[in-house]
Structures are given as structure tokens and as C-alpha cells.
2 protein chains.
Amino acid sequence: MDNINKKEFKSTFIKYIEEKGLRHTKQRDVIVDAFFSAGRHITSEELFNIVKKKYPEIGYATVQRNLNLLCKCSLAEEIKIGKQKTRYEQKYGNTHHDHLICLQCGRLIEVNDDKIEKLQEKLAKKNNFTPVKHKLEIYGICAGCKSK
Amino acid sequence: MDNINKKEFKSTFIKYIEEKGLRHTKQRDVIVDAFFSAGRHITSEELFNIVKKKYPEIGYATVQRNLNLLCKCSLAEEIKIGKQKTRYEQKYGNTHHDHLICLQCGRLIEVNDDKIEKLQEKLAKKNNFTPVKHKLEIYGICAGCKSK
DNA sequence: ATGATAATGATTTTTATTATCATTTAGTAT
DNA sequence: ATACTAAATGATAATAAAAATCATTATCAT
Ligand SMILES: [Mn+2]
Ligand SMILES: [Mn+2]
Ligand SMILES: [Zn+2]
Ligand SMILES: [Zn+2]
């Protein structure tokens with residue numbers, strides 16, 4: 001099941017690579033694997049540290065570059081929160097969602113609310129504005145932090 | 001009318017300064033005046049360039065520091081959009097609002113929707129999450145850019 | 001196998017913001 | 001008014017994340 005998703009994730013990447021006349025490399029393979037398997041919302045530094053275990057000679061720049069590439073083919077998406085390092089969200093097979101962000105522990109909780117989404121569309125239209133994407137972040141204190 | 005607001009804005013600042021045992025300076029006076037009078041969503045650089053006209057000896061660091069101070073006393077608020085420089089929103093007398101952001105020309109349109117605000121509260125509660133603040137940004141194409 | 005060129009890895013550059021620090025200034029006590 | 005204490009300033013350096021540079025290596029079509 002996860003393997004099927006991984007296969008699809010990788011084949012999407014490979015298709016993009018080939019369409020653009022880019023090349024297959026061992027580094028790409030390792031990076032894309034690790035990115036898929038890693039948890040959500042990973043930073044380039046975190047991914048670099050994971051990838052180094054499988055491929056110690058790898059350079060940080062290569063990881064960064066390939067995360068950017070994953071973003072270009074919509075398999076990843078940047079999330080910027082405050083002054084933190086950019087995090088990368090794995091997008092394949094994930095529906096759109098927004099985040100609750102704990103001000104205390106930094107936890108990201110993924111949420112979605114259809115009504116809010118619809119009202120956003122409406123709000124944009126009312127302003128003669130054509131929405132392309134949006135970002136909703138609710139900052140506060142998570143359940144875990146409250147019970148401490 | 002605008003002058004009344006300005007007076008209130010400044011007296012809020014002065015009150016904060018005095019409470020904290022900070023000092024009155026000519027620079028602060030000029031910076032706070034200029035910030036109040038400037039349009040919304042200004043960057044520190046833009047404000048620096050305005051302030052320089054009234055006070056050519058002023059340093060960039062002083063403008064930055066005082067913008068940070070304005071944020072601390074809730075007269076200003078940082079807005080970070082993508083990779084742009086931080087912008088500072090004048091908050092005194094402004095109710096909360098969110099932004100529509102044009103991907104083409106960068107224009108910020110201020111909007112507010114009570115229903116969305118309420119649903120956000122509800123969404124947070126459902127996750128046993130205590131909301132403190134939020135950020136909603138809708139990216140797209142503004143009316144002006146569409147008619148070109 | 002060869003050649004063209006994309007990718008890599010090490011390093012430097014860029015850019016925004018914060019920190020440092022010598023000097024000046026404000027506000028208070030004398 | 002003078003002197004003292006500490007905050008503020010302005011110039012500059014430090015920091016940190018991300019992008020750019022570039023010599024070298026690897027890929028892939030021929
Ligand atoms: Mn997420
Ligand atoms: Mn605004
Ligand atoms: Zn928490
Ligand atoms: Zn526009």
C-alpha cells in the first residue's frame with residue numbers, strides 16, 4: 001500500500017525528469033526515496049542528515065536542489081512558518097489541508113474544513129479576485145501542551 | 001480625524017515607552033510619525049528611505065529597532081509573504097483582517113469574513129486546540145491584473 | 001567509445017535581520 | 001547647572017538560510 005504510493009510517487013518524478021530532459025542519478029534516487037519515506041514537514045537539513053546515512057558523500061546543495069525540483073513537479077511544497085527554516089511537505093496523494101501550529105511545541109496539526117474552503121472562494125469572487133491557492137495557519141496551544 | 005488617530009497612536013507609543021523606562025528621542029519621534037503616515041504594509045527599507053528625508057543622519061538599524069519596538073507594543077505587526085522582506089502593518093484602530101495577494105503585481109487586498117473567522121474557532125476547538133491568532137492568505141490574480 | 005551537457009559537491013555569494021560596540025544622548029539625582 | 005547612569009544611536013560585523021558559482025564527474029544519445 002505504502003509501496004504502491006511510493007512507486008507512483010517515484011514514477012511521477014521520473015516522468016517529470018524525462019520530460020524535461022534531466023538525468024537519472026543515484027543521488028536523486030536516494031533523495032526521492034528518503035523524502036517519500038520521511039515524515040511530513042521535513043527541512044532540507046533533516047533530509048540531508050537522513051540521506052547521508054545511505055549516501056555519505058552526498059552534498060547539502062544536492063539535497064536542496066532536488067527538494068526544489070520536487071516542488072517544481074508538485075510532489076513537494078514549501079511551508080514557511082515564522083522565522084523557521086523552510087519545511088517541505090510531501091504532496092503526492094495528499095489532499096489540500098491547512099495547519100494548526102502550536103506556539104509552544106511547534107507541532108503541526110493538519111486540518112481541513114470544506115465550509116471554510118468554500119467561503120474563501122466566495123470571498124475572493126466578491127473582490128473580483130481569482131484565487132489560485134491559499135494558506136491558512138491557526139496558531140495556538142495544542143492539546144498536548146495544555147495538559148502539561 | 002486622521003490627526004486624532006495619530007495623536008492616539010503616538011500616545012500609545014509614549015505610554016509604552018514610559019512604562020518600560022525607555023527614552024524619548026528625536027529619531028523615535030520621526031520614525032513613529034512616518035510609520036503612522038506611511039501606507040500600510042511598508043518594509044523597513046521603505047520606511048528608512050522616508051525617514052531619511054526628515055532626518056538624514058538616521059541609521060537603518062534605528063528604524064529596524066523601532067519597528068520591532070512598535071510590534072512589541074502592538075502598534076505594528078509583521079507580515080511575511082513568501083520570500084519577501086518583512087512588511088509592517090499599522091495596527092492601531094484597525095480590526096483584524098486577512099489578505100488577498102496578487103501573484104502578478106503583489107497587491108495586498110484587505111478582507112474580512114466573519115463566517116470564516118467563526119468556523120476557524122470551531123475547527124480549532126474540534127482539535128482541542130486553543131487558537132491565539134491566525135493567518136489567512138489567498139493568492140491569485142487581482143481585478144486590475146485580469147483586465148490587462 | 002565519444003562528446004555534449006546535466007549534475008554534483010565544495011565553496012562563495014546574497015540577502016534580510018540581529019548583534020556588537022564605541023559614542024552620544026536622555027533623564028535623573030545632586 | 002553639573003554630573004552620573006544607562007539607554008539609544010549609527011556604523012559595522014555577525015548570523016543564517018537559500019541560491020549561485022564553478023571545476024569536476026557522470027549520464028546518455030549517438
Ligand atoms: Mn501538512
Ligand atoms: Mn493589511
Ligand atoms: Zn504543543
Ligand atoms: Zn495584481
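Residue numbers start from 1 in every chain, and the chains themselves are labelled A, B, ... in the order their sequence lines are given, proteins ahead of strands. Below, each value reflects all heavy atoms present in this structure, side chains not excepted, and no hydrogens, waters or symmetry copies.
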For this session: Go through DNA chain D and write down every stem, that is, every run of at least three consecutive Watson-Crick or G-U wobble pairs with distances under 3.5 Å, as range with range.
Result: C:1-30 with D:1-30
For this session: Have a look at Arg65(B) and say if it touches a base, only the backbone sugar-phosphate, or nothing, with a 4.0 Å heavy-atom cut-off.
Result: base
Problem set entry | Salt-bridge contact Lys10(B)-Asp33(B) (side-chain N to carboxylate O under 4.0 Å) | yes
Exercise. Can we say Arg40(B) and Glu110(B) salt-bridge, meaning some charged N sits less than 4.0 Å from an Asp/Glu carboxylate O?
Worked result: yes
Exercise. Are OP1 or OP2 of dA8(D) and a side-chain N or O of Asn66(B) less than 4.0 angstrom apart?
Worked result: no
Exercise. Would you call Ile58(B) and Lys52(B) a side-chain contact if the rule is heavy atoms closer than 4.5 Å?
Worked result: yes
Exercise. Are side-chain N/O atoms of His99(A) and Glu137(A) paired as donor and acceptor at under 3.5 Å?
Worked result: no
For this session: Could you verify whether a donor N or O on one side chain and an acceptor N or O on the other, from His96(A) and Glu77(A), lie under 3.5 Å apart?
Result: no
Exercise. Does a side-chain N or O from Asn68(A) land closer than 4.0 Å to OP1 or OP2 of dA19(D), or not?
Worked result: yes
Problem set entry | DNA chain D contacts made by residues 70-91 of chain B, counting heavy atoms under 4.0 Å | Lys83(B)
Tabulate protein N/O versus nucleotide N/O from nucleotides 1-3 of chain D, keeping only pairs under 3.5 Å, one per line.
none

Problem set entry | Base of dA6(D) paired with side chain of Arg23(B) (donor-acceptor, under 3.5 Å) | yes
Problem set entry | Residues His97(B) and Glu89(B): side-chain donor-acceptor under 3.5 angstrom | yes
Seminar exercise, completed: When rounded to whole Å, the CD to P distance for the pair Glu57(B) and dA8(D) reads 19 Å
Problem set entry | Carboxylate-amine/guanidinium proximity below 4.0 Å for Glu46(A) and Lys85(A) | no
Exercise. So do Tyr88(A) and Leu70(A) actually touch side chain to side chain, heavy atoms under 4.5 Å?
Worked result: no
Exercise. What nucleic acid atoms does Phe48(A) come within less than 4.0 Å of, heavy atoms only: base, sugar-phosphate, or nothing?
Worked result: nothing
For this session: Check the distance between dA19(D)'s C1' and Leu67(A)'s CG and give it to me in whole angstrom.
Result: 14 Å
Problem set entry | Leading and trailing nucleotides of DNA chain C with any atom under 4.0 Å from heavy atoms of chain B | dA16(C) to dG27(C)
Problem set entry | N/O donor-acceptor pair under 3.5 Å between Asp29(A) side chain and Thr25(A) backbone | no
For this session: With sequence neighbours left out, write down each residue that passes salt bridge (charged side-chain N to carboxylate O under 4.0 Å, His left out) with Glu18(B), or none if nothing qualifies.
Result: none
Exercise. Hey, does the side chain of Gln27(B) come within less than 4.0 Å of dG10(D)'s phosphate (OP1/OP2), counting only N and O?
Worked result: yes
Exercise. How is Glu45(A) classified with respect to the nucleic acid when contacts are heavy atoms under 4.0 Å: base, sugar-phosphate, or nothing?
Worked result: nothing
Exercise. Among all residues two or more places apart in sequence or in another chain, which pass the side-chain hydrogen bond (donor to acceptor under 3.5 Å, both in side chains) test with Lys146(B)?
Worked result: Asn128(A), Thr130(A)
Exercise. Is there a side-chain contact between Tyr55(B) and Ile31(B) (heavy atoms, below 4.5 Å)?
Worked result: no
Exercise. Any side-chain donor-acceptor pair under 3.5 Å between Ser44(B) and Tyr60(B)?
Worked result: yes
For this session: Could you tell me whether Glu78(A) and Lys83(B) have a side-chain N and a carboxylate O separated by less than 4.0 Å?
Result: yes
